[in-house]
Amino acid sequence: MSHPHPELGRPPGLARGALRVVPLGGLGEIGRNMTVFEHEGRLLVIDCGVLFPEEHQPGVDVILPDFSWIRDRLDKIDGIVLTHGHEDHIGGVPYLLKERGTIPVIGSRLTLAFLAAKLKEHRIKPNEIVVKEDERRKIGPFDLEFLAVNHSIPDSLAVALRTKAGTVLHTGDFKMDQFPLDKRLTDLRGFARLGEEGVDLFMTDSTNADVPGFTTAEKDLGPAIEAVFRTAPGRIIVSSFASHVHRIQQVLDAAKVNGRKVAFVGRSMVRNMGIAGDLDYLKIPKGLIVDLKELERLPDRKVTLVCTGSQGEPMAALSRMANRDHMIRIGEGDTVLMASSLIPGNENAIYGVINGLIRWGANVVHKGNAKVHVSGHASAGELVYCYNLVKPRNVMPVHGEFRHLKANAQLAIDTGVPADHVVIAEDGVVVDLHKGRVKIAGKVEAGYVYVDAMTVGGVTEANLKDRRTLAEEGVISVVAIVDAHTGKLAEPPDFLARGFNYDDTTFKVLVPVIEDALAKAAQEGIGDVRQLEELINRAVGNWTWRHWRRRPVIIPVVIDA
């Protein structure tokens, strides 16, 4: 089994007839999925998603893949293939199209409809190519075939790439639900047919590779959702991902049976469900959906609200309801149904929202106390099935943290793929397929690119470190007016602090500390303002550490008297 090594250098030029695979996101993390394929001087991108920030990345909106490896070859990209419409697979597309807007974007009808709504906000009109399962299409030197897979969003696709270097089968995100709500099965016959033809590289979804058995079918959630609708005494507020069409279909069906009306709350929910309804992926019973204002006139037992915020996002509708910062006031008799997963890293935020809702009197039904969510990803049993069907010559697990990639690699080996034909790569690790074998060829830059308000890539790790320090340690500003001739303070310095328990006398003891630092500077002939500010920074920093065990951000400002 090949593992990436930190000392990997830049990859050499691509061998004649070889295929290069470069994951720029999604390997070693859940999200930011993006893989670049290079063959005969041309490039093909599969997915271009975003990663959502964690608590240690304050102020960041989303995190993008790093495009720097392909930036000087944007004209060589023949297309961006999108496997499905989730943010972690399409969220980065607007930022790539801002660099070259004419790149063809290839995907299924629903995926491109979700993308078009997103691009409209960025004022980008995409060059779209709509494809569907069982379709083949030649894009540059890549002969693509699309296969149906089921996932937690309709119209998901796996992609087979036939090239002179061999055939790659990329599953995208998938599972093998045998009773899908939309009757659209994962095309295992197609997987087997490709296996017979010969799959040289199998790239498989690893998200649930460490979960034994098979992922529960979506239809098995029906009884738990119906029980909520049958027994809830008052309003039902459902929170879900704004793209989870199947789950929301179950909610609409249960509302219809139990004589309730439904309103969508939140911009992304209203937009996406509108698109899904218009394209007939969401079957909306006539007269079921009403305006929020009309819903207010109905008795509580007739009311269902469907909103965003199942991950505890601070600005989403459910979090605002929990904080009493929303027009919908949660109270006794309300039932909140949180119909989605806990994304790793979001647990504290989600439980904070649950506690807030319970405090106002709501009954909260969630994954922890009822069967109201199933994963959209194949568990170990399904992955093993796929390995045995496809019988790939080489395997490269994708989509997941390192533990998921490793577990998936072991499954491949357990089914008979030779260990030296299984490669575990991480973001930026270059894998070449040449003469029927895969090998790690080097490493390229694939760091985090932060979107922060209106800036893309402007925020660095150093900025985030400062933000964390400001949040945890506080800040002290020191304004010192210094006599340029004597190097002494012309008047006592002004202090302004945040994040400390202090009064007017707290910083008086710092005045002699600053005077000593300036005196030493004068003796050594240091008069440059920047150098003096650095000396004050160090002196004040040492003092605060000795007296408070704190390392605040110190902002010294020296003014010539």
Side-chain angles (χ1 to χ4, degrees), residues 30 84-86 110 148-156 158 171-188 191 204-232 236-258 260 262 273 276 281-285 288 304 306 310-311 335-344 350 354 363-386 389 399 404 411:
I30 306 279
H84 65 282
H86 278 149
L110 184 67
V149 291
N150 56 44
H151 181 40
S152 53
I153 187 171
D155 237 8
S156 300
T171 65
D173 283 357
F174 86 114
K175 58 179 174 176
M176 287 164 44
D177 192 335
Q178 299 303 302
F179 306 98
L181 297 175
D182 60 1
K183 307 286 191 284
R184 186 174 176 271
L185 289 160
T186 290
D187 187 5
L188 297 178
F191 278 29
T204 50
D205 178 10
S206 308
T207 311
N208 272 358
D210 59 350
V211 178
F214 286 69
T215 300
T216 309
E218 291 276 349
K219 77 174 179 65
D220 290 352
L221 304 186
I225 292 171
E226 283 158 17
V228 168
F229 276 80
R230 198 171 57 249
T231 59
I236 297 175
I237 295 100
V238 180
S239 80
S240 168
F241 291 122
S243 57
H244 208 329
V245 178
H246 298 318
R247 195 70 40 82
I248 289 161
Q249 183 70 64
Q250 289 174 300
V251 167
L252 297 186
D253 294 345
K256 173 75 173 167
V257 168
N258 289 277
R260 287 175 178 266
V262 178
M273 291 311 113
Y281 289 94
L282 188 68
K283 309 278 191 278
I284 303 174
L288 183 72
T304 304
V306 179
S310 59
Q311 295 304 308
T335 300
V336 177
L337 172 60
M338 298 180 77
S340 61
S341 61
L342 275 83
I343 288 181
I350 295 166
I354 290 172
N363 171 32
V364 182
V365 181
H366 56 91
K367 186 187 174 185
N369 61 19
K371 199 172 188 179
V372 291
H373 172 73
V374 296
S375 173
H377 302 270
S379 298
E382 289 149 273
L383 293 172
V384 165
Y385 244 80
C386 287
L389 270 179
H399 305 345
H404 304 123
L411 294 176

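Given the structure is predicted, the values throughout are model-derived calculations rather than measurements. Sequential numbering from 1 along the given sequence is applied to the chain's residues.
- Here Asp155 contributes atom CG and Arg184 contributes atom CZ; the two are 5.0 Å apart, rounded to the nearest 0.5 Å.
- A heavy-atom distance below 4.5 Å is not found between the side chains of Val238 and Arg247.
- Of the residues Lys183, Lys175, Lys371, the one that meets the salt bridge (charged side-chain N to carboxylate O under 4.0 Å, His left out) test with Glu218 is Lys175.
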**Request:** Please assess His84 against Ser243 for the test side-chain contact (heavy atoms from CB on, under 4.5 Å), listing each intermediate value before the final yes or no.
**Result:** CA-CA 10 Å; His84 65 282; Ser243 57; over 6 Å; no
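- Residues Asn208 and Ala378 share a closest heavy-atom pair of CB-O, 3.1 Å.
- Summarising the local packing, CZ of Phe214 is surrounded by more than 12 heavy atoms from other residues, nucleotides or ligands at distances under 6.0 Å.
- The minimum heavy-atom distance linking Ala209 with Ala380 is given by the pair O-CB, 3.7 Å.
- Side-chain atoms of Asn258 never come within 3.5 Å of backbone atoms of Arg260 as a donor-acceptor pair (strictly under, hydrogens ignored).
- No donor-acceptor distance shorter than 3.5 angstrom exists from the side chain of Asp253 to the backbone of Gln250, with no hydrogens or angles considered.
- Shortest non-hydrogen contact noted between Gln249 and Tyr281 is OE1-O, 4.2 Å.
- In the model, His151 has a side-chain atom that pairs as donor or acceptor with a side-chain atom of His86 under 3.5 Å.
- Atoms OG and CG, from Ser240 and Leu337 in turn, are 9.0 Å apart once rounded to the nearest 0.5 Å.
- In this structure, Ser239 and Met338 have side chains that are in contact, with non-hydrogen atoms separated by less than 4.5 Å.
- For the atom pair Thr186 OG1 and Asp177 CG, the distance stands at 8.0 Å (nearest 0.5 Å).
- Residues His399 and Thr207 have side chains in contact (heavy-atom distance under 4.5 Å, counting atoms from C-beta outward).
- For the pair His246 (side chain) and Asp182 (backbone), a donor-acceptor distance under 3.5 Å is absent.
- Taking the side chain as every heavy atom from C-beta outward, Asp187 and Phe174 never approach each other to under 4.5 Å.
- Taking the side chain as every heavy atom from C-beta outward, Val251 and Val262 never approach each other to under 4.5 Å.
- In this structure, Asn369 contributes its side chain and Val364 its backbone to a donor-acceptor pair below 3.5 Å.
- Atom-to-atom distance recorded for Ile248:CD1 and Phe241:CZ is 11.0 Å, nearest 0.5 angstrom.
- Taken to the nearest 0.5 Å, the CD atom of Gln178 stands 8.0 Å off from the CD atom of Glu382.
- Side-chain contact between Asn150 and Ser156: absent, with no pair of heavy atoms (C-beta onward) separated by less than 4.5 Å.
- Of all heavy-atom pairs between Asp205 and Gly172, the closest is CB-O, 3.3 Å.
- Listed for the Thr171 side chain is no donor-acceptor partner under 3.5 Å among the backbone atoms of Ala158.
- Checked by atom type and distance alone, the side chain of Thr215 pairs as donor or acceptor with a backbone atom of Ser379 at under 3.5 Å.
- In this structure, Asp210 and Pro212 approach most closely via the heavy-atom pair O-CD, 3.7 Å.
- In this structure, CZ in Phe229 is found 9.5 Å from OG1 in Thr335, a value given to the nearest 0.5 Å.
- Of all the heavy atoms in Ala217 and Val374, the pair that sits closest is O-CG1, 4.1 Å.
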